[in-house]
Number of protein chains: 2
Amino acid sequence: MALRVVGALRDDIVTMALKPGDVISESDIAGRYGVSRQPVREAFIRLAQQGLLLIRPKRATVVKKISPEGVRQSRFIRESIEVEIIRRVASHPGEAKAVLGELIAEQEAASNANDSRRFHTLDELFHRTLARLAGVEYAWQLIDDHKMQLDRVRYLTLGVSSSQVAISEHKAIAAAVADGDVAGAEAAMRSHLARAEVLLTQTIDDHPDYFE
Amino acid sequence: MALRVVGALRDDIVTMALKPGDVISESDIAGRYGVSRQPVREAFIRLAQQGLLLIRPKRATVVKKISPEGVRQSRFIRESIEVEIIRRVASHPGEAKAVLGELIAEQEAASNANDSRRFHTLDELFHRTLARLAGVEYAWQLIDDHKMQLDRVRYLTLGVSSSQVAISEHKAIAAAVADGDVAGAEAAMRSHLARAEVLLTQTIDDHPDYFE
DNA sequence: TCCGCTAATCTTGTATGGTAGATGCATTCT
DNA sequence: AGAATGCATCTACCATACAAGATTAGCGGA
């Protein structure tokens, strides 16, 4: 039961159904889901450790506001790891060319069909596949945890998804990998990830009350 | 109270007072610390999320065995981030030379005094300082979480600490940073971190029952 | 002797009652 | 009227009791 509450709350937070700054008491959520306070409390602890909630003892529990500095450093972590991944893959391409090419084709299909949700899934799969090809799929789970912060930002900018740009960048990455061009692949990956920077500053301007 | 239990248990696990595979029920720990089961339970949840415990519902809670694959990928994560850090620092040395030099001097003092515990602290401080100089101190917290797995291995190999080797490697890193030699600093950092690899394989041979 | 079933006894999970602390409002005193 | 103080009412925290599943020991039968 506790795990169900965790999942439900995490979804609500990432999709902005629960907005940064909202206060959610144990009793409140417990009543809403028809369970006791105990499972809710444990769910709060898990989510607090993931950086989504802020438990203020004897005071209240609030949905953590997005920390621009935290997002910046999450990007740093992600870029560090993904750069290292792309180096490894480019050094030993192996089956990379075929696998990546197929994924990009699916992305183009989703983009042409204007299915932004599926494109988002495929985009994530593209990066996770690179991790798998590098033999460090577990490391992606780490990125995934920290990506939740970025996902909250991304959700605020839905619709402006310039999927065409992303696809062309994916192509550049895949091409460099196929050629075994390590430096080129690294550069392509860096510029691909750098695009999120402008999204952040723009989002802060649009929703200043969601940030601290 | 719960936080105190978390700290105590984490120390016991990292220092191998609680060995991988040991079963520790909530009631057991609760009685040992003179508290109720509830705070202990919450401590278990936190430690399980950090990968130190494995909660098997309705069965038992055990100290997680060390996963060689997990250690390997933790090393990958650490190397990825620390390489990126050292690049940034080497690109903009600033006050790095003075600060690092002072730290290394303290390390030599600790090494000459055979104070391995203090050396360990200074070694960790060296790397955290690099993160601070790169402006990503928060990222170090992430490494710190994953470093617990490595620390368990390290604790098994205490005494063999070749602190002299570590110091010379630190010097090589600091020298490259002071010269603004980005590639050299990266190479020095990689070889410094690579030393842990042999420790792992050796430790697995010495204590096979601690690993999965 | 060996196999199988049952029941006692572990474990974690959940529900509920009570406690201490923090906040905000209302009342009271200056 | 303004400010300070006391109180009602929130909150998360802890302790206890109960529930449900899993393991194991012991007993009985073949």
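Just so it is clear, the values below take in all heavy atoms, side chains as well, and ignore hydrogens, waters and symmetry mates.
Closest approach to the P39(B) side chain among dA15(D), dT12(C), dC13(D) is made by dA15(D) (side chain taken as heavy atoms from C-beta onward). The side chain of E26(A) sits closest to dA12(D) out of dT14(C), dC14(D), dA12(D). The side chain of K58(A) approaches dT11(D) more closely than any other nucleotide in the set dT11(C), dT14(C), dT11(D).
Just one of E124(A), E108(A), Q107(A) meets the side-chain contact (heavy atoms from CB on, under 4.5 Å) condition when paired with F119(A); it is Q107(A).
Along DNA chain D, the nucleotide nearest E42(B) and the nucleotide nearest A60(A) are compared for position; the residue whose nucleotide lies closer to the 5' end is A60(A). Between R59(B) and M1(A), it is R59(B) whose nearest contact on DNA chain C lies nearer the 5' terminus.
At distances below 3.5 Å, not a single donor-acceptor pair connects side-chain atoms of E26(B) with backbone N or O atoms of R37(B).
In this structure, R56(A) atom CZ and dT23(C) atom P are separated by 8 Å, rounded to whole Å. Note: CG (L47(B)) to P (dT12(C)) measures 14 Å, nearest angstrom. Taking atom CZ on R41(A) and atom P on dC13(D), their separation rounds to 4 Å, with Å as the unit. Taking atom CD1 of I45(A) as the reference point, atom P of dG13(C) lies 13 Å away to the nearest angstrom. One can place CD1 of I24(A) at 18 Å from P of dC10(D), the figure rounded to the nearest angstrom. In this entry the distance linking CZ of F44(A) with P of dT11(D) reads 10 Å, nearest Å. Rounded to whole Å, atom P of dG13(C) lies 11 Å from atom CD of Q38(B). Rounded to whole Å, the distance from CZ on R37(A) to C1' on dG13(C) is 16 Å.
Looking at H120(B) and R154(B), their side chains do bring a donor and an acceptor atom within 3.5 Å of each other. Residues S111(A) and Q164(A) bring a donor and an acceptor atom of their side chains to less than 3.5 Å of each other.
In this structure, T61(B) reaches the dT12(C) phosphate: one of its side-chain N or O atoms is under 4.0 Å from OP1 or OP2. Look at S36(A) and you won't find any side-chain N or O under 4.0 angstrom from OP1 or OP2 of dT16(C).
Closest approach of I85(B) and L130(B) over heavy atoms only: CG2-O, 3.4 Å.
Counting non-hydrogen atoms under 4.0 angstrom, V23(B) reaches nothing in the nucleic acid.
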